[in-house]
Number of protein chains: 2
Amino acid sequence: MAAVRDGQPGDSGAARTGEAAQVTAAARGGKAAQPRPTLEQVARRAGVGRGTVSRVINGSPRVSDRTRLAVETAVAELGYVPNRVARALAAGSADAIALVVPEPETRFFTEPYFSGIMQGVSAELARTDMQLLLTLLHGQKEQDRFAQYAASHRIDGVLLVSVHTHDTLPDLLAEAEIPAVLNGRRFAAEPLPYVDTDNLGGARAAVAHLLERGRETVATITGPPDMYAAHCRTEGYREALREAGHGEPLIAPGDFTEESGHRAMCELLERRPGLDAVFCASDVMAAGARMALREAGRSVPGDVALVGFDDSAVARHMDPPLTTVRQPIAEMGREMARVLLELLGKWTPGAAYPAGTGTTEPTPRPVAKGDRTHRVLPAELIRRGSS
Amino acid sequence: MAAVRDGQPGDSGAARTGEAAQVTAAARGGKAAQPRPTLEQVARRAGVGRGTVSRVINGSPRVSDRTRLAVETAVAELGYVPNRVARALAAGSADAIALVVPEPETRFFTEPYFSGIMQGVSAELARTDMQLLLTLLHGQKEQDRFAQYAASHRIDGVLLVSVHTHDTLPDLLAEAEIPAVLNGRRFAAEPLPYVDTDNLGGARAAVAHLLERGRETVATITGPPDMYAAHCRTEGYREALREAGHGEPLIAPGDFTEESGHRAMCELLERRPGLDAVFCASDVMAAGARMALREAGRSVPGDVALVGFDDSAVARHMDPPLTTVRQPIAEMGREMARVLLELLGKWTPGAAYPAGTGTTEPTPRPVAKGDRTHRVLPAELIRRGSS
DNA sequence: GAACACTATGGGAGCGCTCCCACGATGATG
DNA sequence: CATCATCGTGGGAGCGCTCCCATAGTGTTC
């Protein structure tokens, strides 16, 4: 049986093995055992010039069928794969975009949110030949350094996740003229391209749902005030109340964490023992609130109806399952990628690959109607047992 | 609810459309407004040669203090940032590694597992100047193409997550001489470098815990047979039973999904109505099993004790909270990065940056004692209410 | 049949860096 | 004082591509 030994974490006493050096030598540029064929070699083998091979590789139409076939044969025979680094250097573009996550947002990691975004981005990028770079920014100083870093020509554009109102990185990127798309906005009139959810509409729908169900005293537990999304959700709560002609809003502040949800719920119960519904600005806070309710001997949804936001993993597994507002997360990721690619001039709807290099800029592009860089996607109410 | 309308408060629709195109133009290779300074320009400004600037940038010791200062000044004045693409081309290395996720594993996305790995990898990589590329492989053909892709000199090494017994990608990478580190093993005697959890030990501890608590009939719900990790967990279950002198194992097959957990639990209840404990090879399956138990009117842990594996998000939020086995996920990510960097000769324990280029290969390296590329990290039992 | 399109093609000139060889200056050595 | 390391340094030669200009080839038009 496979004995399991070795492996105490942190026995990093020693250094590398001889084997490592060997692998290294091969991996490095040096005289590798099996030097990869270059464009030049393909050209020679096909009996054509470098330029022609380049044209074939990049799908230019200005190549005769005979020549194209010859080149393709040579490529296949030699097992040629273009060197993307060389291509990037020559073309002045990096063929890569970065998905940037400010690290304090560990929240993003415990949520399917982040993964969903990634999946969407990746799916959209797979249609192009762009690469996805993942960058977690640990700490403010790294965040400040990043714009410069990005400008070192390794990256064509940036996808920025989880923006706070006072974040400076977006402006730094704009200054450095690095195309960027935000996930969410810093404030209402966000000038930079962004893809956001209709937080207000989602919250309004959630609260309206509670009111329709006959709930009388609907409170809300909010997210951190320095996030515009949280602000919108509170605003949606207010609007729904107003529309239904209900009185005073009942608001307790949270910060999207489970503990804050718990705390806020306790506070609410103290302030207004008779409340019969709570809209939480995140599922995780709803989980905290649920716990506080249980401790207080209140049943859900009997005594108090509960609605969350995000449709995260916890929602489905709560008891009872949590009614919540779902964001089209993967679609947001996809949309972010689309907007960025469009900004970079690398996106053609429906094309499996970016248009060949043959015809360049002059081609008149259909002008988008409406703002193609500021997008707000609808949110959807998912009804479950908690309301 | 289809329109992309913008329903946020205080929206003063500051539409700026033309700007996007502007940004694009600048970002492209063309005659950008603000061409970044090159090494050459730094050299001229500092009154030295290119080589010298390169030496300073890369921290070579063979530069006089006077010259170094002059160069550093010029760098600062010009705001010079090395072009990584050019560097990569010239040096023949990409300064980037790829974290590869076979896409069918959507499982990885709903689990904090994947995020934890990423966090670990990223943390370790941040100590070097390497970049992290994220690659989701959609489908088998893309997987087959990847090795070639990786060889196109964009990547120095690969971190491969979620390996199945019959995966061919690891071998393809090995063939192409691309350094790779697996997360988990394909089988016991995995020849490639890997970082794994002590699945067997964790499972054994979990089952031993159940037996110690006085449970008599302990069943298990297994993972898919084509994953070595699942196999090990089952084996751990068997060992614990054997050690305790218990009889026949009671095994129901699952595939790590919630549905399969539900199904397997139903099957077990039918086969052995009197069972009083179940070890599930994943938390998600435990959630499914929990549901089946509830449907069958069995209480947890009263009638049946439940233990999971992974300590995923659902575990803490189940009712009662799930006893489970935690893997040191972030540590695994970190370890994977370390092993790979070591393979690439880019890792020095404690060094904030890779050693300068001054002294190269010939330096005699201390030979490592023990196998530094095959690592198994311990798992930990987390006791909660379900047992 | 000359003048003028195009089209397909070859190949020079870089992209910005690293590598490495050569060279003068310095100091140690006999 | 000649000899020989050694150090700091400059700059040529690429890395493997893309861009683009020049050119030969093939029609087309009057």
Side-chain angles (χ1 to χ4, degrees), chain A residues 28-32 35-44 46-71 75 78 80-95 129 151-154 356-361, chain B residues 28-32 35-44 46-71 75 78 80-95 129 151-154 356-361:
Chain A
R28 291 242 190 97
K31 297 269 175 272
R36 313 221 129 250
T38 69
L39 205 169
E40 183 98 43
Q41 288 166 39
V42 174
R44 264 205 297 275
V48 301
R50 277 191 345 273
T52 303
V53 177
S54 176
R55 261 160 296 206
V56 171
I57 300 286
N58 294 296
S60 159
R62 317 205 151 286
V63 182
S64 74
D65 289 346
R66 261 244 317 272
T67 311
R68 166 172 290 113
L69 190 66
V71 171
V75 164
L78 260 39
Y80 169 74
V81 183
N83 182 325
R84 310 198 72 200
V85 175
R87 185 198 300 239
L89 179 59
S93 82
D95 277 355
D129 61 348
S152 72
H153 257 315
R154 176 103 203 186
T357 332
T359 41
T360 338
E361 282 317 84
Chain B
R28 293 249 189 90
K31 297 268 174 269
R36 313 219 129 251
T38 71
L39 204 168
E40 183 96 43
Q41 289 166 40
V42 174
R44 264 204 297 276
V48 301
R50 274 189 350 270
T52 302
V53 177
S54 177
R55 261 160 293 203
V56 171
I57 299 286
N58 293 296
S60 158
R62 320 204 149 287
V63 182
S64 74
D65 290 346
R66 260 244 318 273
T67 312
R68 167 171 290 112
L69 190 66
V71 171
V75 165
L78 259 39
Y80 169 74
V81 183
N83 181 325
R84 309 199 74 202
V85 175
R87 188 201 298 243
L89 179 59
S93 82
D95 277 356
D129 61 349
S152 72
H153 256 314
R154 176 109 204 181
T357 331
T359 41
T360 340
E361 286 314 87

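Throughout, a chain's letter reflects where its sequence line sits, starting with A, and its residues are numbered from 1.
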5'-most by nearest nucleotide on DNA chain D - B/A90 or B/R50: B/R50
A/R87 side chain to A/N83 backbone, donor-acceptor under 3.5 Å: no
Pairs under 3.5 Å (N/O, protein and nucleotides 21-27 of chain D):
none

Nearest whole angstrom, please: distance from the [atom2] of [N] to the [atom1] of [X].
X: B/L39; N: D/dC15; atom1: CG; atom2: P; result: 19 Å
X: A/E40; N: D/dT18; atom1: CD; atom2: P; result: 13 Å
X: A/R44; N: C/dG11; atom1: CZ; atom2: C1'; result: 13 Å
X: A/L89; N: D/dC19; atom1: CG; atom2: P; result: 12 Å
X: A/R62; N: C/dC6; atom1: CZ; atom2: P; result: 11 Å
X: B/N58; N: C/dT18; atom1: CG; atom2: C1'; result: 8 Å
X: A/D95; N: D/dT18; atom1: CG; atom2: P; result: 10 Å
X: B/N83; N: C/dG14; atom1: CG; atom2: P; result: 18 Å

How far apart are the closest heavy atoms of [X] and [Y], and which atoms are they?
X: A/Y80; Y: A/L39; answer: CE1-N, 3.5 Å
X: A/A88; Y: A/A94; answer: CB-CA, 4.0 Å
X: B/A46; Y: B/A70; answer: CB-O, 3.9 Å
X: B/V85; Y: A/L89; answer: CG1-N, 3.5 Å

Residue closer to the 5' end of DNA chain C, A/R66 versus B/V81 (nearest nucleotide): A/R66
Any B/S54 side-chain nitrogen or oxygen under 4.0 Å from OP1 or OP2 of C/dC17: no
C/dG10 OP1/OP2 closer than 4.0 Å to side-chain N/O of A/T52: yes
Minimum-distance nucleotide (side-chain atoms of A/A91 versus C/dA8, D/dC19, D/dC17): D/dC19
Spacing of CZ belonging to A/R55 relative to CZ belonging to A/R50, to within rounding of 0.5 Å: 10.5 Å
Contacts of B/R68 that satisfy salt bridge (Lys or Arg N to Asp or Glu O under 4.0 Å) - sequence neighbours left out: B/D65
Sugar-phosphate only, base, or nothing, as touched by B/R87 at under 4.0 Å among non-hydrogen atoms: sugar-phosphate
